[in-house]
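The structure appears right after this line, and notes come after that.
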2 protein chains.
Amino acid sequence: MDKVGIKEIAAKANVSIATVSYVLNGTRNVRPQTKERVLKVIEELKYKPNNIAKSLKSKKTNTIGVIAEDITVFNVPEIIDGINEYADRYDLHIVLTNLRLHKRVGHNYSNIGAFRKYAENAVSDLLAKQVDGIIYIGIHPRDVTGLIDPGDTPIVYTYCYTKNELSIQYNDEQASYDAIEYLYKKGHHRIAVITGLMDSIPSRLRFNGYFKAVTDFELPFEPQLIKVGNWGLESGLKLTKELLELADPPTALLVMNDVMAAGSLRAARSMGVRVPEDLSLVGFDNREFSDYLNPRITTMNLPLHEMGYSSMRSLLRIIGGDEEHAAEQVPLCVLIERESVAPLVD
Amino acid sequence: MDKVGIKEIAAKANVSIATVSYVLNGTRNVRPQTKERVLKVIEELKYKPNNIAKSLKSKKTNTIGVIAEDITVFNVPEIIDGINEYADRYDLHIVLTNLRLHKRVGHNYSNIGAFRKYAENAVSDLLAKQVDGIIYIGIHPRDVTGLIDPGDTPIVYTYCYTKNELSIQYNDEQASYDAIEYLYKKGHHRIAVITGLMDSIPSRLRFNGYFKAVTDFELPFEPQLIKVGNWGLESGLKLTKELLELADPPTALLVMNDVMAAGSLRAARSMGVRVPEDLSLVGFDNREFSDYLNPRITTMNLPLHEMGYSSMRSLLRIIGGDEEHAAEQVPLCVLIERESVAPLVD
DNA sequence: CTTCCCCTTATAAACGTTTCCATAGATGGT
DNA sequence: ACCATCTATGGAAACGTTTATAAGGGGAAG
């Protein structure tokens, strides 16, 4: 099974390689009769194009490099799926680099320096592969400014924060604000919050939203209703207990991720507090399991698929030279109503 | 910022392009002094290699095509992560094709025919990109034999079933057998089972394991203890209720995925049956949330990372021409003990 | 019957590398 | 002093395409 290229086709069809190329790409008119003949030979010889050669000449690979800081982080696959949807439409291919952040440096981002060289390598490799552009999928809590240098290959960031570079990101602050507004409209006034780690950007932004809403709706601001968690279930459990042991416990609780919210549920159960009758609970992330818990918890959905899709669209705009219109409006987070919130009746 | 290639380096360093290539790859001895000079120019001009050209000449892309039937299916990212770990070690790159099976044809695999052309396209594209090999990540319940034709590009399948092709897959039957054995050793004899859809291969295999174990340990075989579910939470809930309403309900229950197991928990709670005191429960998949439920459920872990890793290793063996030793031993599933099983005391 | 133009097809250069082969100079054994 | 080796380097072909340019032939217009 010898390699059959355009040359072999040309020989067998008694035309020049140029002609074969023209029928292959429709770049130029070719007499129907000739075309037919060439096509037949292509069929016969089971010609398979070689995009490497094509790319070399045309300086276009139709390939986008996707760098994921960690593909096993729960939200990332859906973002990639969004990227894929767009890529499919435009016949683009994805070369995926998984930086495996967590497996390499664990969950402590302080020694992130050691990680930088992986990121840099990934970029070099991608550039060597002549990708037409790069999408960098962070893992949310980090500002990633200056981490890598893509030269003049277009890049867009998503699911992370940047200073000057374009980053496709939903609005954390708004999301959190909306959650509080929802609770407020259900009649709740004393609303507690369990944040994530406070050196994490989304944590701060979400807290901002909480604070803004509390202010806008003239809710009492009581520091003892604010608890700083660490994103883990145990922390949700412990802090919720503390909240419930208050002399005057809150009637509602916003927890900044679903994992901690699962902890809240456990705490409530252990103390005989009923959710939602005695305590309304809203989570964050709309993780699949939030629907499996008991009660099914009301939580804030993140527009992940759209973020992926938008990143791709932005990137292609930049590649197309339209840098100005690259910024994208990402759909808002929407609250998924389930069973963990009840209106407050006095 | 003109493109700087090997040619520009050669000119500026007063050597031939051949020499530049030799210092770049260390393919040949070059006088230290010359080497130095070339390296300096490379540095100065910020030379970035072009792997496209390299691949064209060398007929090696160092790229593996990964076709995922659906990257949003929960187990897939971890498999990819395993692939990545191996790829990193050997400086291989991944071009990822996500077939988006569920978003395209939903969860009803009967109209899978329409899906075939996506798979075929994916393969053609990958071949055009001259990948050195292909890994096909299915989504488990399907036999994928004959779906695609990779020509003579090496391929290995994983997380799906095949007839003659090499597929890296853990042992469903064994896993299920082990779960029953575990329950048996905890003193349980009347063990019920909730299967998945019975047109799914893992469902049948797992049932096989159950049946074998029941036979080996001389447990009573009572058909009313066998329920056929559909993988969804509601089905777990409903069937568990039926089981618990039996005149003589089982003391233990093996549920063939964690989602249905979440349903079982809900059923038990709604009927005032305590887990594990009144009913021992073991799930399947070791989904992250199985640790968040109440009680935390004991479940069967799948060696996903290893499957990815092994797939890659097998593939590289085939690429290296060692077809015989390509088959891999995939680590067994291991049961993760948590809180949902208690020993039976009479 | 020229002349011009258009339509179709061919020739060959180019893309950025690797690598085979050749060459020039140095070394060393006789 | 000569030939055989050996080392360091250069020249050029090749990988499979695309595409600029050229060329041949036919028809319409003069």
Side-chain angles (χ1 to χ4, degrees), chain A residues 1-39 41-42 45-63 124-125 127-132 151 153, chain B residues 1-39 41-42 45-63 124-125 127-132 151 153:
Chain A
M1 194 172 295
D2 300 325
K3 68 239 19 163
V4 15
I6 220 182
K7 212 182 299 184
E8 283 70 25
I9 304 292
K12 183 147 186 201
N14 265 311
V15 294
S16 73
I17 61 169
T19 303
V20 177
S21 174
Y22 296 140
V23 345
L24 241 20
N25 302 296
T27 336
R28 207 127 114 177
N29 267 353
V30 8
R31 196 145 45 101
Q33 175 185 345
T34 318
K35 188 170 180 174
E36 192 78 8
R37 185 153 35 101
V38 172
L39 253 16
V41 176
I42 285 178
L45 263 42
K46 295 186 190 316
Y47 166 73
K48 296 267 181 4
N50 180 332
N51 281 350
I52 294 287
K54 192 166 178 158
S55 296
L56 179 57
K57 185 81 237 281
S58 63
K59 290 158 160 322
K60 258 276 187 182
T61 55
N62 288 323
T63 296
S124 304
D125 288 348
L127 295 184
K129 274 199 148 18
Q130 314 294 114
V131 296
D132 297 337
T153 301
Chain B
M1 192 171 297
D2 299 325
K3 70 241 17 168
V4 13
I6 219 181
K7 213 182 298 182
E8 284 70 24
I9 305 292
K12 185 148 183 199
N14 265 309
V15 294
S16 73
I17 61 168
T19 303
V20 178
S21 174
Y22 295 139
V23 344
L24 241 18
N25 302 297
T27 337
R28 205 130 113 178
N29 266 353
V30 11
R31 193 147 46 102
Q33 175 184 345
T34 317
K35 189 171 181 172
E36 192 78 8
R37 187 152 35 99
V38 172
L39 253 16
V41 177
I42 285 178
L45 264 41
K46 296 188 189 317
Y47 166 74
K48 297 269 184 356
N50 181 332
N51 281 350
I52 294 288
K54 193 167 177 157
S55 295
L56 177 59
K57 187 81 237 283
S58 64
K59 290 160 160 321
K60 258 273 187 184
T61 54
N62 287 323
T63 296
S124 303
D125 288 347
L127 295 184
K129 274 199 148 16
Q130 313 294 115
V131 296
D132 297 337
T153 301

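Within every chain, numbering begins at 1; the chains are lettered A, B, ... in the order of the sequence lines, protein sequences first and strands thereafter.
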How close or far is atom [atom2] of [N] from atom [atom1] of [X], stated in whole angstroms?
| X | N | atom1 | atom2 | value |
| --- | --- | --- | --- | --- |
| B:K54 | C:dT18 | NZ | C1' | 9 Å |
| A:I52 | D:dC15 | CD1 | C1' | 11 Å |
| A:N50 | D:dG16 | CG | C1' | 6 Å |
| B:Q130 | D:dC15 | CD | P | 14 Å |
| A:K59 | C:dA14 | NZ | P | 14 Å |
| A:Q33 | C:dT9 | CD | C1' | 13 Å |
| B:Y47 | C:dG16 | OH | P | 10 Å |
| B:K129 | D:dT17 | NZ | C1' | 14 Å |

Exercise. Flag the pair A:V23 / A:T34 as yes when at least one side-chain heavy-atom distance between them is below 4.5 Å, and no otherwise.
Key: no
Exercise. Measure the shortest side-chain to side-chain distance between A:L45 and A:K12 over non-hydrogen atoms and say whether it is less than 4.5 angstrom.
Key: yes
Exercise. Please work out if B:S21 contacts a base, only the sugar-phosphate, or nothing of the nucleic acid, heavy-atom cut-off 4.0 Å.
Key: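 Touches a base.
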Quiz item: What nucleic acid atoms does A:N25 come within less than 4.0 Å of, heavy atoms only: base, sugar-phosphate, or nothing?
Solution: sugar-phosphate
So, for [X] and [Y], which heavy atoms are closest and what is the spacing to 0.1 Å?
| X | Y | result |
| --- | --- | --- |
| A:Y47 | A:I9 | CB-CD1, 3.8 Å |
| B:K54 | B:N25 | NZ-OD1, 3.5 Å |
| A:S55 | A:K60 | OG-O, 3.2 Å |
| B:E8 | B:K3 | CD-O, 3.9 Å |

Quiz item: What string of B, S and - do you get for nucleotides 5-14 of chain D, 5' to 3', when a contact is any protein heavy atom under 4.0 Å?
Solution: ---SBBBB-B
